[in-house]
Every structure is written in structure tokens, then in C-alpha cells.
Amino acid sequence: AIELLGGWRTDAFQLEHRTVISKLIEWFDGHALGLTLVGASLLLPTNAHVTWTTLWERLQQEPLKTTHLVDHFGHQKRLATDYKRRVVQVWDELYAELSPAERRVLQYAALLPADGIVCDWLPDLIASDPAVTLPQSFDHLDGDWRPIIERLQRMRVLSKRSDRLWSMH
């Protein structure tokens, strides 16, 4: 999990951040989806100078529902948290910072097989989508769509699998 977060910010490997990063990992029960959203959100311009501690404190501001799990003897096993709500909390922040075209790319990508998004489809769909306002000079055949895709790739929300395929995390 630390290596996953380190893919977005190399300071995740520094011992001084280990305690707070461990809390983040535990908060998401180690699930890659939640941690991927955390990493991607750290690449947003609004989070460029956010520390791991600040991020952790911000995520803690909204109280979450919790459920105590009990084994068949009636002993408390562990405290289960509302994981879905935590993912939505981070996703909402990330999604709000995306441009309308970036949002639409992710909406279209979500409709396709997660590991089989044909590279040529998304630019064609965006260019012909009346709900997306693009610059008058936008020409998807000349690569004007690349900054949109490249930002999503830097965030590691989309990954290039081959010359023809992307995958979505």
C-alpha cells in the first residue's frame, strides 16, 4: 500500500510520514481503490502543497458511520467502517477538480471494459459529445485531446496498457 501511494508522491517512503500513511491505509482497510483516489487527489493543483498529515486531518473532519463486528461468541472482532462513504468522500473532491472534458472521459471509460478501453474511442466520443464544450480549434485527430488524457494518466486513473488500449482504475 505504501508503494502504491509512493507512485504519486515519493515522500510516502519517508519514515517521518510512516505513522500518518499507516493511518490512511488502515482507514481504507488497505483497499487499492481508496488509496488510488487518495494518490490521484494529491496531484490536483489545489492539493499541490498538502502534506500527508493535512490530508489525514481533512479526511477526519467528517464523522463516519461505524459498525462493530461480533464473532459467534459475542466478542467484538474489529471495528468496521463505512468504506464506501470514505471512497465517495475522496472521489467527490477529485471529481470536482476535473474539467468537464476529463469528467466525460472518465464517464465514457467507466462504460467500457476496465482493462480494454480502445485508445481511439474516447477522443472520438468527446469530440462528438454536445455536452462537452471544447475550444473552437479542438481537433481530436491532431491530438488536441492528449492533455486531457495525459492528466488522467498522470493521476493514474487511466493507464496505457499498449499502443491501442488503456485501463481504468
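Computation of the quantities below employed the complete heavy-atom set of this structure, encompassing side-chain atoms and omitting hydrogens, waters and symmetry-equivalent molecules. Since we're looking at a predicted model, the values are computed, not measured.
With rounding to the nearest 0.5 angstrom, the CD1 atom of I2 is 8.5 Å from the CZ atom of F13. Annotation: the span from E57 atom CD to K23 atom NZ amounts to 9.0 Å, rounded to 0.5 Å. The distance from atom CG of L35 to atom CH2 of W8, rounded to the nearest 0.5 Å, is 8.0 Å. Separating the CG atom in L37 from the CH2 atom in W91 is a distance of 6.5 Å, to the nearest 0.5 Å. We find the CG-CG distance between L94 and L42 to be 10.0 Å, quoted to the nearest 0.5 Å. A distance of 8.5 Å separates CD of Q14 from CD1 of I21, quoted to the nearest 0.5 Å.
R103 and Y95 make their closest contact through NE-O, 3.0 Å (heavy atoms, listed as atom of the first residue, atom of the second, distance). Taking every heavy atom of both residues into account, L55 and V50 meet most closely at N-CG1, 3.7 Å. For the pair G39 and L5, the tightest heavy-atom approach, listed with the atom from each and the gap, is N-CD2, 4.3 Å.
With R156 contributing its side chain and A40 its backbone, the two residues share no donor-acceptor pair below 3.5 Å. Side-chain N or O atoms of T10 include none that pairs as donor or acceptor with a backbone N or O of G6 at under 3.5 Å.
Between W56 and W27, the ring planes are perpendicular. Angles over 60° get that label, and only those under 30° would be called parallel.
A side chain to side chain contact (heavy atoms under 4.5 Å, CB included) with F28 is found for one member of V38, L33, T36 and no other, namely V38.
Side-chain contact between E97 and E102 is absent, with no heavy-atom pair separated by less than 4.5 Å. Residues L152 and L98 have side chains in contact (heavy-atom distance under 4.5 Å, counting atoms from C-beta outward). Between L44 and M155, the closest side-chain pair of non-hydrogen atoms falls below 4.5 Å.
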### Message
Assess the residue pair T54 and T51 against the criterion (side chain to side chain donor-acceptor pair (under 3.5 Å)); give the C-alpha distance rounded to whole Å, side-chain angles, the decisive distance to 0.1 Å, and a yes or no.
### Response
CA-CA 5 Å; T54 303; T51 66; 2.8 Å; yes
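Remark: R9 qualifies as a cation-pi partner of W52 under the 6.0 Å distance and 45° angle criteria applied to the six-membered ring.
Heavy-atom contacts from other residues, nucleotides or ligands closer than 6.0 Å to CD of E16 number more than 12.
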